[in-house]
Q: 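Mind looking over this structure? Questions follow.
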There are 2 protein chains.
Amino acid sequence: MASAIDFYFDFSSPYGYFASTRIDALVAKYQREVKWHPILLGVVFQTTGSAPLTAIPLKGNYSLLDFERTARFHRIPYNRPETFPVSTQAAARGLLWLRATAGEAKAAEFGKAVYQAYFVDGVDIGNSANVAQIGAGIGVNAAALQAAIGTPEIKEQLKREVAQSIDRGVFGSPFLIVDDEPFWGFDRFDQLEATLKNGKI
Amino acid sequence: MASAIDFYFDFSSPYGYFASTRIDALVAKYQREVKWHPILLGVVFQTTGSAPLTAIPLKGNYSLLDFERTARFHRIPYNRPETFPVSTQAAARGLLWLRATAGEAKAAEFGKAVYQAYFVDGVDIGNSANVAQIGAGIGVNAAALQAAIGTPEIKEQLKREVAQSIDRGVFGSPFLIVDDEPFWGFDRFDQLEATLKNGKI
């Protein structure tokens with residue numbers, strides 16, 4: 001099997017969420033696997049000098065419209081979260097812990113469940129108890145997950161992984177790397193698929 | 001005929017150039033017309049706090065790759081200009097003068113010719129003599145065009161039009177407005193076309 005696709009995302013990114021609803025079907029079609037990498041855009045933005053989309057004059061209002069129109073266009077369920085953006089450390093740490101203790105497939109299942117909770121079901125994923133409950137919904141021990149989220153080890157691991165993603169050139173969400181070729185944005189899934197199908201464009 | 005589509009762009013924007021190669025066929029298909037609005041991203045960025053793509057850490061390198069890959073993906077001729085970004089005042093003023101003196105169709109023809117000169121033929125469009133020569137190539141009096149570019153009236157008009165575009169929420173290039181619905185980016189042409197075909201998404 002060809003190498004896995006690296007899927008970088010922030011849990012508060014609507015376009016990352018859209019990507020999360022399509023990535024499994026896409027990689028399955030081309031006999032690939034996907035590795036989920038939660039990042040923290042707040043940290044990335046310290047490198048790029050950027051800010052959350054919705055905080056940028058003019059672009060902010062447009063973005064709110066584009067999130068909703070893009071969801072309708074692609075027929076993806078989407079309900080604008082009340083709190084946006086939200087702190088995503090707890091969810092990101094939870095995913096890293098699950099990857100280490102339960103494997104990549106469970107980590108991916110958790111990633112999709114967190115996105116669905118935040119962008120469809122209105123759950124505040126900034127709250128670690130809520131994140132633990134999302135884990136419980138897919139058969140994870142909620143108490144163990146919540147405890148893990150608070151350990152210094154997992155905090156350090158997330159910092160390290162975010163730094164590594166920046167070293168790799170990741171600056172937004174979603175950001176996908178296929179055989180060293182980077183793709184930024186849900187709106188590059190057409191080019192991503194063409195690359196999976198035919199090789200480098 | 002339904003109302004014209006407003007097409008905002010900066011002459012140094014690769015994605016604006018890509019849009020310029022597709023906008024005519026798109027609007028013709030849906031019995032629309034298009035009005036070309038040159039803007040100055042440098043002025044817009046003072047409002048949004050942004051910077052030229054290629055000047056942003058990490059995003060800059062990616063953008064250079066994305067310009068070329070997007071051109072290949074859509075089979076659009078593209079040669080990376082030596083000077084990038086470039087000052088686009090002269091070309092923008094020329095387009096406004098042509099619109100006033102020769103009509104919208106000539107202005108659009110000029111717009112496409114400037115983009116082609118810059119992104120395909122390697123012409124430095126920051127130079128007003130070169131801009132006048134591009135005009136000559138489509139039958140415009142080069143001396144009259146070059147003189148017009150330097151008048152206080154046309155300078156004021158461009159300032160006014162850029163301010164109006166910002167008032168309308170324009171913050172990037174290309175930026176298209178169809179019946180008050182905004183679309184930012186060449187990668188929203190799919191949503192733009194769906195809207196022209198079926199009405200609001």
Side-chain angles (χ1 to χ4, degrees), chain A residues 8 15 39 41 43-53 55-76 165-172 175-178 180-195 197-201, chain B residues 8 15 39 41 43-53 55-76 165-172 175-178 180-195 197-201:
Chain A
Y8 296 87
Y15 303 118
I39 61 167
L41 282 180
V43 177
V44 173
F45 289 161
Q46 289 167 18
T47 296
T48 59
S50 192
L53 271 177
I56 301 172
L58 305 181
K59 200 182 265 195
N61 283 339
Y62 174 83
S63 296
L64 293 174
L65 176 157
D66 191 63
F67 299 159
E68 306 205 346
R69 191 175 61 200
T70 298
R72 289 194 300 272
F73 182 69
H74 292 282
R75 302 180 188 281
I76 299 171
S165 69
I166 294 170
D167 285 346
R168 235 188 142 185
V170 173
F171 59 83
F175 198 102
L176 300 107
I177 301 181
V178 179
D180 284 330
E181 181 86 4
F183 297 87
W184 172 46
F186 182 54
D187 43 28
R188 286 297 177 277
F189 264 48
D190 52 357
Q191 296 188 25
L192 172 61
E193 175 154 15
T195 301
K197 190 174 179 182
N198 304 317
K200 201 163 168 160
I201 292 169
Chain B
Y8 297 87
Y15 302 118
I39 61 168
L41 282 180
V43 177
V44 173
F45 290 160
Q46 289 168 16
T47 295
T48 58
S50 193
L53 271 177
I56 301 172
L58 305 182
K59 201 182 266 194
N61 283 340
Y62 174 82
S63 296
L64 294 174
L65 175 157
D66 191 63
F67 300 158
E68 306 206 346
R69 191 175 61 200
T70 297
R72 289 194 300 271
F73 182 68
H74 292 282
R75 301 178 189 282
I76 299 171
S165 69
I166 294 171
D167 285 346
R168 237 189 141 184
V170 174
F171 58 83
F175 198 102
L176 300 108
I177 302 182
V178 179
D180 285 331
E181 181 86 5
F183 297 87
W184 171 45
F186 182 55
D187 44 28
R188 287 294 177 278
F189 264 46
D190 52 356
Q191 296 188 25
L192 172 60
E193 174 154 16
T195 300
K197 190 173 180 184
N198 304 315
K200 201 164 166 159
I201 292 168

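Proteins get letters first, then strands, A, B, ... in listed order; numbering begins at 1 in each.
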Q: Counting heavy-atom pairs closer than 4.5 Å to chain A, which one of B:I56, B:I166, B:D190 comes out on top?
A: B:D190

Q: Which heavy atom of A:T47 sits nearest to which heavy atom of B:P57, and what is that distance?
A: O-CG, 3.5 Å

Q: Please look at A:T70 and chain B and tell me whether the side chain, the backbone, both or neither of the residue comes under 4.5 angstrom of a heavy atom of that chain.
A: both

Q: Check whether B:F73 forms a cation-pi arrangement with A:R188 (NZ or CZ under 6.0 Å from the six-membered ring centre, at most 45° off the ring normal).
A: no

Q: Tell me the closest heavy-atom pair linking A:Y62 and B:W184, and the distance in Å.
A: OH-N, 2.8 Å

Q: Can you tell me which portion of B:V44 sits under 4.5 Å from chain A's heavy atoms? Options are side chain, backbone, both or neither.
A: neither

Q: Rounded at 0.5 Å granularity, tell me how far CG in B:L58 sits from CZ in A:F175.
A: 8.0 Å

Q: Top residue by heavy-atom pair count (under 4.5 Å) with chain A, among B:R72, B:K59, B:E181?
A: B:K59

Q: Measure the spacing between CD1 of B:I201 and NE2 of A:H74 and express it to the nearest 0.5 Å.
A: 8.5 Å

